[in-house]
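Basis for what follows: all heavy atoms, side chains included, without hydrogens, waters or symmetry-related copies. Everything numeric here is computed off the predicted structure, so don't read it as measured data. Quick note on labels: first sequence line is chain A, next is B, and so on, each numbered from 1.
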There are 2 protein chains.
Amino acid sequence: MNPFDAPHPTNELKATAPVCDRCGSRVAGLCQPLDIAALDEISSESQQTSMPAHSMVFREGDPAGKVFTLIEGFAKLTRLLPDGKQQVVGFRFAGDVIGYTTLPSYPFDAELLTDSRLCRLERGQLDGLLRRYPKLERRMLDLCVQELTATQEQLVTVGRRSAEARVAAFLLSLVEASRRRGPPRTVLEMPMTRADIADFLGLTLETVSRSLTAFRKRGWIREPVHHRVELINLPALSALAEGTSDNG
Amino acid sequence: MNPFDAPHPTNELKATAPVCDRCGSRVAGLCQPLDIAALDEISSESQQTSMPAHSMVFREGDPAGKVFTLIEGFAKLTRLLPDGKQQVVGFRFAGDVIGYTTLPSYPFDAELLTDSRLCRLERGQLDGLLRRYPKLERRMLDLCVQELTATQEQLVTVGRRSAEARVAAFLLSLVEASRRRGPPRTVLEMPMTRADIADFLGLTLETVSRSLTAFRKRGWIREPVHHRVELINLPALSALAEGTSDNG
DNA sequence: CGTGCGATTGAGTTTCGTCAATCGGGGTGG
DNA sequence: CCACCCCGATTGACGAAACTCAATCGCACG
C-alpha cells in the first residue's frame, strides 16, 4: 500500500470521495498528484509501522531525519515552554503528514493520542523524490500554506475569543477534520483529554470542563462514551464560536 | 534593481552581511538561491511601486493574483473577525515577501504602516519562474516553513503568557526582525500603534499601554520619539518573556 | 490657536485561573 | 469476582489579571 496517503477507506468512503487509484487512499495525503512510477518509488522506500497510544513519534529538537504520514489514529503536536507548561500547536488526523520541515530539527513534539499506524520515509529519500517529482514539491508547498492558514486561524481563536467560544470553535474544527476523512458525522472521535484541549486553546482544563458541561446542560452536545462527542446543535455552537463572548 | 530582495543597503551593511551580487540586496529575500539568468528574468517581469502609509496592499478574499516584496517600510497582516474586531497575524519588514499563497484568494489583509516601496510580480509569472527554477520553489517552501514556525511561536505567546510577558516578547521580536535587516541596534522603529500591538498579542490597547508604561518606569525601555523604542534592559525583558507571569 | 487622534491613567467589573475537594469509570491485583 | 486504586473529569469557592468604560493628556497637523 502506498504509504503517503490516508487510512484504508471503507467501501462507502470509496464511493463518496476522490481516491488515489494506486492505493485507494483519500486526497488529503501526499501522493495525490503523482503518477504510477512515483507511487511505486515512494512505496518501495517507505515503511509502515504501528505504535501504541502515548508514544512519541519524535521530539522537539530531534534531527528532522524522517517524515511521517498518519495512516490511522490521532496525534498532538506540542511545544514545551521554559516553565514546563506545554502549548498544543495542533492535532493531526488520519491522512495528515507529520514532521516535514526544511529546518534541521523538528520544531515540536509529536505524540500519539491513540494506537496508530504510521508510514515513515527518510528525509533524504523524500528530498530525492522532491527533486525527481516537481509536482510533489508543489504539493508540499500547498500543504504548508494550508497549515499556515490553519495556524493563523487558531491564532485568531486563541487571541480574540472567550473561553466558551474557543471550545465551540474547537468542536467545529473536529467536525471539519472529520469531514476531510469521510462523510459528515455528528458523533466524533475526541481522543484528547481536557488538558490537551486546554493547552490547545490557551485555557485551563477546568475552564474547558466547565464549557463542555455548559454545552451539555444546554443540550448542544452529548458525550455517549469517553473520548466521543455528539454535536447536537451545530448552529448554536457556530454562533457562539463566531461571537467573542455575548453573541455574534 | 532586482525586486525580490531587501532594501538597498548602505555601505556598512554591504560589508557585514551576505548580499545578492546582482542587486546588492540581503539574503532575507527571495532571489538568494538564483543564478544570473533567473535574476534577469525576475527583474524584467516585476515592477517597483511606492505606496503611502495606511494603504492596503491587498484585502482578505481578493483573488491572490500578485506577490509582493517589501523593499522598504513596514506592513501588518490582519484577519477580520465576524464581530468586527481584528487579529493581527503578523508584521512584515523590509525584505519580507508578502502575499504568496497557493490559495485562490489572500487569507488576510495587508496594510502598510509607513510609506513603503514594494515590488510586484504577477502570480502567473511567479508560477512560471517556480517551474523553471526549482531552487526558487524550494526557497518558497523554506520561507513558508519559517513563517509557520514563527506563527506557532506566536500561538505560544498569545496562549500561555501574561500580558507583560507578551509585550516583552513582542519587543524582542522587533529586535530579531531588525537583526535580520542589518547590524543589531537598540533603538528600533516601531511604527505600529498600541491598538495594532494589542490586536497582535490578543490584548486590549490599554493593557499594552500599561505594560509599556511599566517597562518605562522600571527603566527597561525608553521612547525618545513617537514610533521609536530603545531597549535598555534586554535581559530583563527576556526573563519576563520566558516566564509566564511571576518569574522564569 | 484649535482640533483630532493616539496614548495614558483611573475606577469598577468580569472572566478566567487557582486551589481544593469530590466523583466516576476502567483496570488491576488480591 | 470483587474491591481498590488511579487518573481524568467535575464542581465549588475565591482571587487576581485583564477588560470595559471613561476622563484626560499631549503631540502633530491644519
Measure [atom1]/[X] against [atom2]/[N] and give the value in whole Å, please.
{"X": "B:His227", "N": "C:dA7", "atom1": "NE2", "atom2": "P", "result": "6 Å"}
{"X": "A:Arg210", "N": "C:dA20", "atom1": "CZ", "atom2": "P", "result": "15 Å"}
{"X": "A:Leu201", "N": "C:dC16", "atom1": "CG", "atom2": "P", "result": "12 Å"}
{"X": "B:Ile197", "N": "C:dT8", "atom1": "CD1", "atom2": "C1'", "result": "14 Å"}
{"X": "A:Met192", "N": "D:dG8", "atom1": "CE", "atom2": "P", "result": "15 Å"}
{"X": "B:Leu203", "N": "C:dC16", "atom1": "CG", "atom2": "P", "result": "14 Å"}
{"X": "A:Leu205", "N": "C:dC16", "atom1": "CG", "atom2": "C1'", "result": "13 Å"}
{"X": "B:His54", "N": "D:dC29", "atom1": "NE2", "atom2": "P", "result": "11 Å"}

Cationic N near anionic O, under 4.0 Å, B:Arg228 to B:Glu223: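 Answer for the salt bridge query: no.
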When you check the gap from the basic side-chain N to the acidic O, do B:Arg180 and B:Asp96 get nearer than 4.0 Å?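 A salt bridge is present here (some side-chain N lies under 4.0 Å from a carboxylate O).
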Are OP1 or OP2 of [N] and a side-chain N or O of [X] less than 4.0 angstrom apart?
{"X": "A:Thr204", "N": "C:dT18", "result": "no"}
{"X": "A:Ser209", "N": "D:dT11", "result": "no"}
{"X": "B:Thr207", "N": "D:dC19", "result": "yes"}

Tell me yes or no: between the side chains of A:Arg79 and A:Gln87, is some donor less than 3.5 Å from an acceptor?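 Checked: A:Arg79/A:Gln87 side chains show no N/O donor-acceptor pair below 3.5 Å.
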Looking only at the side chain of B:Ala163 (C-beta and beyond, no hydrogens), which of the listed nucleotides D:dA18, D:dT10, C:dT8 gets closest?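 Of the options given, the side chain of B:Ala163 lies nearest D:dA18.
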Just by distance, do the side chain of B:Asp109 and the backbone of B:Leu77 share a donor-acceptor pair under 3.5 Å?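 The answer is no, because no donor-acceptor pair under 3.5 Å joins these two groups.
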With hydrogens left out and only the distance checked, is there a donor-acceptor pair under 3.5 Å joining B:Glu206's side chain and the base of D:dC21?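 Yes, a donor-acceptor pair under 3.5 Å.
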State, to 0.1 Å, how close A:Pro191 and A:Phe74 come at their nearest heavy-atom pair, and which atoms those are.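 The pair with the smallest heavy-atom distance is CG-CG, 3.4 Å.
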Using a 4.0 Å heavy-atom cut-off across all strands, classify A:Arg216 as base, sugar-phosphate, or nothing.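 Sugar-phosphate only.
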